[in-house]
**Q** 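The structure under discussion is supplied below as structure tokens; questions concerning it will follow.
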There are 2 protein chains.
Amino acid sequence: MLVTRGFGALTLRAVAAEMDASTGLLTHYFPNKRALLRTALEILAQRSEERPRRTAPTEGLAALRTALLDVLPLTPESAAANRIWVSSWDVALADPELAADHAGRYRRSRERLAVHVAAAQRRGELPTTTATEDLAAAAQGFALGLVVQALFAPAEFPAERQIKLLDDWLATWRSAAPGPANPPAADSG
Amino acid sequence: MLVTRGFGALTLRAVAAEMDASTGLLTHYFPNKRALLRTALEILAQRSEERPRRTAPTEGLAALRTALLDVLPLTPESAAANRIWVSSWDVALADPELAADHAGRYRRSRERLAVHVAAAQRRGELPTTTATEDLAAAAQGFALGLVVQALFAPAEFPAERQIKLLDDWLATWRSAAPGPANPPAADSG
DNA sequence: GTACCTGCCAAACGTTTGTTATGTACGACG
DNA sequence: CGTCGTACATAACAAACGTTTGGCAGGTAC
């Protein structure tokens, strides 16, 4: 329901109908709609964090790539989840508390990315001239923007292109790294 | 009103009150609310396109940088406009027609960026190993994601940091370009 | 003058919203 | 067995919603 109609259609009665219950049940557990909305977003975030991920046994740049791939709407299910998430930005920006929740979530996500960025820098896979946090922020920003683009123009941004865009982006950063890069045809001096 | 309360609060009565008119005026000019919403977004997009821009007499990579800077929420006014725009993604994703409108707008924006990307590639300021459209898409994605991050965490993403993130990103692409790069302290062989 | 059209307002329409109040089934506890 | 608190359903509430309607100005046409 959220996927197709957005958060504007999130009413107490719609939620109650979806779970074959009454509005009385909802009001029994939640003081008001804002509280319901808040825990709904909380559950959504929790579900996103706990969903099965590509647990590649990698580290550094490869791990960063894996983490970013987990975010992109490469499958219909991920697209649906991302769509709900993007839709939530409207209500979240209109409510300071919800906005703070979202800000915290994105900050923590950035910190998780920063771990991989730092490892990649240590391995010489990413430049150390740019701060770890800045690289992580850039990575998250790139992924977020790609999500939005892909949601509005799925035909122009199929899974392969999203992956290619990400890989090109990572390869460019890597080419600026101090470590021994190994491009397919390097002009070693 | 849209800035503070989001699109969920966009009612006929609210719009009418904002312009000191009656709901009858609105229904006189628009068949229904969707039509009102549609032209509202249209006007918003038009206003964004026609607003005064940094008309730097530049070309190539510098022009790309200027165009992206015009998108980022570097000023309170730009932040407000970007906030409305992000909020509109909820209603837009819930309505195929509005979604198509948005998709078209972003595609045209990408095409405008692609002009600068192509010029930069010709000048040797950007690598030609990645397609022009892909570079333009990456640039737009990066800017979009940075907008979202800055809206939710304005304290963590002040104007200077947004600019730095953008410049670092552009510098990395440029360093992968075939043309004669001129870094401040190059290790010329 | 009068008939007519357009632009707009004020009010009301029926529906849907979030919230509240009332009723009831049921296990726990004395 | 009673009574009491919990867990809901049902119904009602006022407010707000998008939309419809009737009517009043004021210009035009004849």
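Convention: sequence-line order gives letters A, B, ...; per-chain numbering from 1. Values reported hereafter were calculated over all heavy atoms of this structure, with side chains retained and with hydrogens, waters and symmetry mates removed.
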**Q** Please check if atom CZ in A/R5 has more than 12 non-hydrogen atoms from other residues, nucleotides or ligands closer than 6.0 Å.
**A** no
**Q** Would you kindly give the CG-to-P distance between B/L25 and D/dG18, to the nearest whole Å?
**A**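 Computing the B/L25:CG to D/dG18:P distance gives 15 Å.
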**Q** Which residue, B/R13 or B/L26, contacts DNA chain C at a nucleotide closer to its 5' end, judged by nearest heavy atom?
**A** B/L26
**Q** Could you work out which one of C/dT19, C/dT17, D/dT19 sits closest to the side chain of A/N32?
**A** C/dT19
**Q** Could you check whether any side-chain N or O of B/N82 sits under 3.5 Å from a backbone N or O of B/W85, counting only pairs where one atom can act as donor and the other as acceptor?
**A** no
**Q** Between atom CG in B/L12 and atom P in C/dC9, what is the gap in whole Å?
**A**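 In whole Å, C/dC9 P and B/L12 CG are 14 Å from each other.
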**Q** Among D/dG18, C/dG18, D/dA11, which is the nearest nucleotide to the side chain of A/K33?
**A** C/dG18
**Q** On DNA chain C, nearest-nucleotide positions of A/A14 versus A/G24: which is more 5'?
**A** A/A14
**Q** Would you say the side-chain atoms of A/H102 and A/S88 include a donor-acceptor pair closer than 3.5 Å?
**A**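 Yes - a donor-acceptor pair under 3.5 Å links their side chains.
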**Q** May I ask you to evaluate whether A/T27 reaches the phosphate of C/dT19, defined as a side-chain N or O under 4.0 Å from OP1 or OP2?
**A** no
**Q** Roughly how many Å is it from CG in A/L36 to C1' in C/dT19, rounded to a whole number?
**A** 13 Å
**Q** The side chain of B/H28 lies closest to which of these nucleotides: C/dG7, C/dG18, D/dT19?
**A**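 The answer is C/dG7, which lies nearest to the side chain.
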**Q** Roughly how many Å is it from CE in B/M19 to C1' in C/dG7, rounded to a whole number?
**A**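 Atom CE in B/M19 sits about 13 Å away from atom C1' in C/dG7.
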**Q** Measuring from B/D168:CG to A/L135:CG, what's the distance to the nearest 0.5 Å?
**A** 7.5 Å
**Q** Side chain of A/S22 only, heavy atoms from C-beta on: which candidate in D/dA9, D/dT19, C/dC9 is closest?
**A**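 Selected nucleotide (nearest to the side chain): D/dA9.
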